[in-house]
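The structure appears right after this line, and notes come after that.
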Amino acid sequence: MGDLAVRARGIRKSYGEGQSRTTVLHGVDLDVELGQCMYLAGPSGSGKSTFLSILGCILSPDSGRLALLGQDTSSWNERQKANFRRRNVGFIFQRFQLFRGLRAWENVKIKLDLLGMPPEEGRSRAIGILEALGLGPQVERHVTELSIGQLQRVAVARALAGDPDLILADEPTASLDAESGSKAIRLLHQLAEAGKAVLIVTHDERILRQAGCIVRLEDGHIKSTESKSMSTELTPT
Ligand SMILES: Nc1ncnc2c1ncn2[C@@H]1O[C@H](COP(=O)(O)OP(=O)(O)OP(=O)(O)O)[C@@H](O)[C@H]1O
Ligand SMILES: [Mg+2]
């Protein structure tokens, strides 16, 4: 068994106050190993993005224990969480969260600036990752001039730029066609093969059909976990 990148136990989370308070996660347990690519599926509103945000130290759980890369997060303050996130987590947001005023490559380079990479090195690394995702012709464009699928790939590139050990991807192929989607998924699988922990939220049955390990969330509970041997190829539908 590989080292654990995520060890979550009894994670609970509610939103709202008083009468309108609703519990979204009812005590979720999950382990993700380094070198593993795991999928998180489940109906809309089942708590997938909430859970991913907790694993990425973006949201705090109301209760439960969370260890990331062997470190217990429960006593961390906001600054410690932000530091951990910057160094170790690549988060692909469901709504991308890119800087509108910047070019594609600049959005990726920001992540590298935060890690102290020299500007020229950051620029060429940012461009290299965008090219690997098929965005070579778009690197100089402002993100306001990109299609949704292109934005999604810029978001993937930004998440991977800092070489994080834990990659959390919220619907990373939702806006992509079959070919771009399988490129992005192949890249995420390669990262797992290289020893990273990758957790992908998806509704995409095309991808789930060939996924190695699928955890299904329903109404804030883990409903099932399936494991089968993993394939890195996707057959087009
Ligand atoms: N900031 C918030 N305040 C209040 N309720 C929220 C907030 N964020 C999410 N919720 C609610 O929590 C529930 C779970 O939301 P979440 O975004 O985690 O679901 P999801 O499984 O990612 O859904 P989808 O597949 O549609 O992205 C939903 O009912 C949602 O309306
Ligand atoms: Mg979501």
Side-chain angles (χ1 to χ4, degrees), residues 5-6 8 28 30-44 46-59 66 68-69 84-98 104 107-108 110-111 126 129-130 132-135 143 148-217 225 230-234:
V6 173
V28 176
L30 189 77
D31 287 346
V32 188
E33 293 170 23
L34 285 169
Q36 185 175 25
C37 184
M38 186 185 277
Y39 287 82
L40 185 60
S44 178
S46 58
K48 303 179 300 296
S49 293
T50 301
F51 187 57
L52 216 61
S53 299
I54 290 171
L55 300 185
C57 294
I58 293 163
L59 266 186
L66 175 63
L68 296 172
L69 302 173
F84 180 87
R85 197 161 64 223
R86 181 182 309 156
R87 284 174 221 277
N88 303 294
V89 181
F91 205 103
I92 300 162
F93 293 94
Q94 193 167 12
R95 298 191 185 102
F96 315 141
Q97 307 204 354
L98 299 168
N107 263 284
V108 178
I110 282 184
K111 183 91 191 203
I129 298 172
L130 288 165
L133 284 160
L135 287 177
V143 295
I148 299 285
Q150 290 166 343
L151 291 175
Q152 184 137 45
R153 282 179 282 163
V154 176
V156 172
R158 182 186 54 187
L160 303 182
D163 196 28
D165 280 334
L166 175 58
I167 294 149
L168 302 171
D170 203 347
E171 307 265 6
T173 63
S175 313
L176 302 183
D177 58 74
E179 193 191 327
S180 312
S182 60
K183 245 188 208 165
I185 290 292
R186 219 173 295 139
L187 186 64
L188 292 169
H189 283 194
Q190 282 164 0
L191 291 165
E193 281 157 22
K196 317 282 189 190
V198 182
L199 183 59
I200 304 172
V201 169
T202 189
H203 284 113
D204 194 336
E205 284 301 327
R206 212 173 41 185
I207 291 169
L208 288 173
R209 236 179 283 134
Q210 306 190 30
C213 180
I214 308 172
V215 170
R216 292 186 190 270
L217 203 61
T225 303
M230 194 166 100
S231 158
T232 48
E233 292 303 314
L234 292 180

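Just so you know, these numbers come straight off a predicted model, no measurement behind them. When a residue number appears, it is its place in the shown sequence, counting from 1.
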- Message: If the condition is side-chain hydrogen bond (donor to acceptor under 3.5 Å, both in side chains), which residues does Gln150 pass it with, not counting sequence neighbours?
- Response: Ser147

- Query: How would you list, by chain and number, every residue that makes a side-chain hydrogen bond (donor to acceptor under 3.5 Å, both in side chains) with Ser175, sequence neighbours excluded?
  - Reply: Gln152

As a test of understanding, state which of [options] forms a side chain to side chain contact (heavy atoms under 4.5 Å, CB included) with [X].
X: Pro172; options: Leu187, Ile200, Val198, Ile167; answer: Ile200
X: Leu199; options: Leu166, Leu188, Leu168, Val6; answer: Leu168
X: Val215; options: Leu40, Val28, Val32; answer: Leu40

Rounded to the nearest 0.5 Å, how far apart are [atom1] of [X] and [atom2] of [Y]?
X: Ser182; Y: Ile207; atom1: OG; atom2: CD1; result: 8.5 Å
X: Lys48; Y: Ser53; atom1: NZ; atom2: OG; result: 12.0 Å
X: Ile58; Y: Leu52; atom1: CD1; atom2: CG; result: 7.5 Å
X: Arg85; Y: Cys57; atom1: CZ; atom2: SG; result: 7.0 Å
X: Thr173; Y: Arg206; atom1: OG1; atom2: CZ; result: 6.0 Å

- Residue pairs passing the salt bridge (charged side-chain N to carboxylate O under 4.0 Å, His left out) test with at least one member in residues 165-176, sequence neighbours excluded, are Asp165-Lys196

- Message: Among residues at least two apart in sequence or on other chains, which ones pass side-chain contact (heavy atoms from CB on, under 4.5 Å) with Thr50?
- Response: Lys13, Tyr15, Val24, Leu25, Ile54, Leu59

- Query: Can you name the residues that form a side-chain contact (heavy atoms from CB on, under 4.5 Å) with Leu208, not counting sequence neighbours?
  - Reply: Tyr39, Ala41, Thr202, Glu205, Ile214, Arg216

- Note on the structure: Here the pair of heavy atoms bringing Ala159 nearest to Pro164 is O-CG, 3.4 Å

- Query: Closest approach of Ala8 and Asp31, non-hydrogen atoms and distance?
  - Reply: N-OD1, 4.3 Å

For residues 86-97, run the donor-acceptor check on the side chains, cut-off 3.5 Å, and write out each pair with its distance to 0.1 Å, sequence neighbours left out.
from: Asn88; atom 1: ND2; to: Phe84; atom 2: O; distance (Å): 3.1
from: Gln94; atom 1: OE1; to: Ser49; atom 2: OG; distance (Å): 2.9

- Query: Does a side-chain heavy-atom distance below 4.5 Å link Leu130 with Arg153?
  - Reply: no

- Message: Pair Val108, Ile110 - check side chain to side chain contact (heavy atoms under 4.5 Å, CB included), show working.
- Response: CA-CA 6 Å; Val108 178; Ile110 282 184; over 6 Å; no

- Task: Please confirm whether the backbone N or O of Ala132 pairs with a side-chain atom of Lys183, one donor and one acceptor, at under 3.5 Å?
- Result: no

- Spell out, as yes or no, whether a donor-acceptor pair under 3.5 Å connects the side chain of Ser180 to the backbone of Leu176. no

